[in-house]
Participant: 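Quick one: the structure is below, questions incoming.
Whatever order the structure lists them in is the order used to number ligands and atoms, beginning at 1.
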Amino acid sequence: MNVGFLGCGNIAQAMIVGLLDSGFKPASITVLTRNKKKKKFYKKNSIKRLDVSEANSAKFDFIFLCVKPADVKNAIQGSRIDWGNTTLVSVVAGISSQKLKILSNSEKIIRIMPTTSAEFGKSITAIFLADKQKKQTKKLIPLLNKMGSTIELSSENDLHEFTAVVGSGQAYIMEALKQYDEKLLKFSKNKNATSKNLAMFVSSIAQHIELNKGIEPSIKKIMSPKGTTYSGLKALKKNKISNVFKSAFKAAEKRSKEIQNEY
Ligand SMILES: NC(=O)c1ccc[n+]([C@@H]2O[C@H](COP(=O)([O-])OP(=O)(O)OC[C@H]3O[C@@H](n4cnc5c(N)ncnc54)[C@H](OP(=O)(O)O)[C@@H]3O)[C@@H](O)[C@H]2O)c1
C-alpha cells in the first residue's frame with residue numbers, strides 16, 4: 001500500500017511517525033509538499049518527498065490531506081494530483097465531504113479526525129462511513145488502527161462534536177492540569193521533577209481507568225466515606241465542574257460549524 005501526505009505539519013508528522021513505529025515501511029510513505037521546509041523530517045525518517053507539482057508521477061492508495069482549512073482549496077487544486085486515481089482522506093476540521101468533492105472533482109473522499117497522539121500510537125481517530133466509500137473505508141481502518149484506535153461515525157455531522165470533545169479534548173484536560181502543575185512545583189525539587197511527577201500522576205489515572213474498567217469504580221477505590229476525597233469531590237460538584245467542560249465542548253463544536261461555513 002502506498003500513502004501520500006499532502007502537507008507535512010504537526011498532524012501529518014504525528015501520523016507518519018505513528019505508522020513507521022508500528023512497522024509500516026518508510027518506502028510506502030511520500031510527503032507531497034510545496035517547499036523543502038520539512039527536509040530534516042523526511043530525511044530523518046527515510047521517507048520520500050515529491051513536490052506538489054510532480055505529485056501525479058506516483059500512484060497512491062490514499063492521500064491524507066493535512067493542511068489548514070484556509071489552505072484546502074489551494075492544496076487540492078494547486079497540486080498536480082489526479083484525484084480520480086486515489087482516495088482523498090481529509091483530516092481537516094470543518095470542511096465537509098461535499099465541499100471536498102467539488103474541489104477535487106472526485107467522489108473518492110473519506111473524512112477522518114485523528115489526534116497528534118498518533119505519534120505514539122494513541123490516537124482515537126473518528127472516521128465517517130460514507131455509503132459510497134465503504135470498501136475503501138474498510139481498507140483504511142487497519143491503517144488508522146496502527147496509530148491507535150478507530151471510532152466509526154454514521155453521521156458526518158457528528159464529526160463536529162467528536163472534534164470538539166476528543167480532537168481538542170486533551171488540551172482542556174491539560175488546562176485543568178495546570179492547577180496540579182502549580183501545586184506539584186511547590187512539592188517537587190524543580191521544574192524537571194515537577195514534569196516527571198505530573199506525567200506519572202496523569203498516567204496513573206489512565207491505568208486506574210483501564211484496570212478498574214471505568215471512572216466510577218476507580219473513584220471508589222480512591223475515595224473513602226467522609227474522607228478528604230469525598231469533601232473535594234463534593235466541592236467540585238457544587239461548583240458544577242461538569243458545566244465547565246460542557247461549555248468548552250459547546251464552544252468548540254460551534255467553532256467547527258463556523259469553519260464549515262467560512263470555507
Ligand atoms: N494539529 C492537530 O492536533 C490536528 C488534529 C486533527 C486534525 N487536524 C487538522 O489538520 C490540519 C493541519 O493541521 P496542522 O496542525 O498539522 O497544521 P500545520 O502544522 O500548520 O501544517 C499544515 C501544513 O500544510 C502545508 N500546506 C499549506 N498549504 C499547502 C499547499 N497549498 N500545498 C501543500 N502543502 C500546504 C504547510 O506547509 P508550508 O506552509 O510549509 O508549505 C504545513 O506544513 C488542519 O486542517 C486541522 O484541522 C489537526
Participant: Distance to 0.1 Å, residue and atom name: give those for the protein heavy atom nearest to atom 41 (O) of ligand 1.
Facilitator: Arg34 NE, 2.7 Å
Participant: Quick one: nearest non-hydrogen protein atom to atom 48 (C) of ligand 1, plus distance?
Facilitator: Ile11 CB, 4.0 Å
Participant: Given that the side chain starts at C-beta and the backbone is N, CA, C, O, which of these parts of Val72 lies under 4.0 Å from ligand 1, counting heavy atoms, or is it both or neither?
Facilitator: neither
Participant: Please report which non-hydrogen protein atom sits nearest to atom 20 (O) of ligand 1, along with the residue it belongs to and the distance in Å to one decimal place.
Facilitator: Lys68 CE, 3.4 Å
Participant: Answer with side chain, backbone, both or neither: which part of Cys8 has a heavy atom less than 4.0 angstrom from an atom of ligand 1?
Facilitator: backbone
Participant: Apply side chain to side chain contact (heavy atoms under 4.5 Å, CB included) to Trp83 and Ile63, showing your working.
Facilitator: CA-CA 9 Å; Trp83 292 107; Ile63 293 181; 4.0 Å; yes
Participant: Need the ligand 1 atom indices (1-based, order shown) with element for anything under 4.0 Å from a heavy-atom of Asn35.
Facilitator: 38 (P), 40 (O), 41 (O)
Participant: Looking at Met113, which atoms of ligand 1 are within less than 4.0 Å of one of its heavy atoms?
Facilitator: 6 (C), 7 (C)
Participant: What's the shortest distance from atom 19 (O) of ligand 1 to any protein heavy atom, and which residue and atom give it?
Facilitator: Asn10 N, 3.0 Å
Participant: Taking atom NZ of Lys122 as the centre, report whether more than 12 heavy atoms of other residues, nucleotides or ligands fall under 6.0 Å from it.
Facilitator: no
Participant: Counting only heavy atoms closer than 4.0 Å, does ligand 1 sit against the backbone of Lys37, its side chain, both, or neither?
Facilitator: side chain
Participant: Any non-hydrogen atom of Gln13 lying under 4.0 Å from ligand 1?
Facilitator: no
Participant: Would one find more than 12 heavy atoms of other residues, nucleotides or ligands at under 6.0 Å from atom NZ of Lys99?
Facilitator: no
Participant: Starting from atom 9 (C) of ligand 1, locate the nearest protein heavy atom and write down its residue, its atom name and how far away it is, to 0.1 Å.
Facilitator: Val91 O, 3.3 Å
Participant: Parallel, tilted or perpendicular: which fits the ring planes of Phe5 and Phe64, with parallel below 30° and perpendicular above 60°?
Facilitator: parallel
Participant: Going by atom types alone, do Ser256 and His160 pair a side-chain donor with an acceptor below 3.5 Å?
Facilitator: yes
Participant: Would you please say whether a donor-acceptor pair under 3.5 Å links the side chains of Asn212 and Lys221?
Facilitator: yes
Participant: Can you list the ligand 1 atoms lying under 4.0 Å from a non-hydrogen atom of Asp71?
Facilitator: 27 (C), 28 (N)
Participant: Among all protein non-hydrogen atoms, which one is nearest to atom 2 (C) of ligand 1, and what is the separation to 0.1 Å?
Facilitator: Thr116 CG2, 3.9 Å
Participant: Atom 34 (N) of ligand 1: which of Gly78, Gly7, Ala171 has the nearest heavy atom?
Facilitator: Gly7
Participant: If you measure from each heavy atom of Thr33 to ligand 1, is any distance below 4.0 Å?
Facilitator: no
Participant: Just checking, any donor-acceptor pair under 3.5 angstrom between side chains of Asn197 and Ser188?
Facilitator: yes
Participant: Considering only heavy atoms, does Pro69 approach ligand 1 within less than 4.0 Å through its side chain, its backbone, both, or neither?
Facilitator: both
Participant: How far does CG of Leu32 sit from CZ of Arg80, to the nearest 0.5 angstrom?
Facilitator: 13.5 Å
Participant: Can you spot which of Leu20, Leu19, Val31 makes a side chain to side chain contact (heavy atoms under 4.5 Å, CB included) with Asn45?
Facilitator: Leu20
Participant: Ignoring hydrogens and angles, write down the donor-acceptor pairs under 3.5 Å from the side chains of residues 178-185, residues two or more places apart or on other chains.
Facilitator:
residue: Lys178; atom: NZ; partner: Glu175; partner atom: OE1; Å: 3.0
residue: Lys178; atom: NZ; partner: Glu175; partner atom: OE2; Å: 3.4

Participant: Rounded to the nearest 0.5 Å, what's the gap from CD1 on Ile76 to CG on Leu6? Could you check?
Facilitator: 8.0 Å
Participant: Between Glu156 and Ser96, do the side chains contain a donor N or O and an acceptor N or O under 3.5 Å apart?
Facilitator: no
Participant: Do me a favour and list the nearest non-hydrogen protein atom to atom 26 (N) of ligand 1 with residue, atom name and distance?
Facilitator: Val67 CG1, 3.5 Å
Participant: For atom 21 (O) of ligand 1, which of the options Gly167, Ala75, Gly9 provides the nearest non-hydrogen atom?
Facilitator: Gly9
Participant: Before you tell me yes or no, could you show the steps for Thr33 and Arg49 under side-chain hydrogen bond (donor to acceptor under 3.5 Å, both in side chains), namely the whole-Å CA-CA distance, both residues' side-chain angles and the distance that decides it to 0.1 Å?
Facilitator: CA-CA 7 Å; Thr33 60; Arg49 181 251 167 193; 2.9 Å; yes
Participant: By number and element, which atoms of ligand 1 are closer than 4.0 Å to a non-hydrogen atom of Lys38?
Facilitator: 43 (O)
Participant: Between Asn157 and Ser155, do the side chains contain a donor N or O and an acceptor N or O under 3.5 Å apart?
Facilitator: no
Participant: Distance under 4.0 Å to a non-hydrogen atom of Cys66: what atoms of ligand 1 satisfy this?
Facilitator: 12 (C), 22 (C), 23 (C), 24 (O)
Participant: Can you check atom 5 (C) of ligand 1: any protein non-hydrogen atom closer than 4.0 Å?
Facilitator: yes
Participant: Starting from atom 47 (O) of ligand 1, locate the nearest protein heavy atom and write down its residue, its atom name and how far away it is, to 0.1 Å.
Facilitator: Ala93 N, 3.1 Å
Participant: Can you list the ligand 1 atoms lying under 4.0 Å from a non-hydrogen atom of Pro114?
Facilitator: 5 (C), 6 (C)
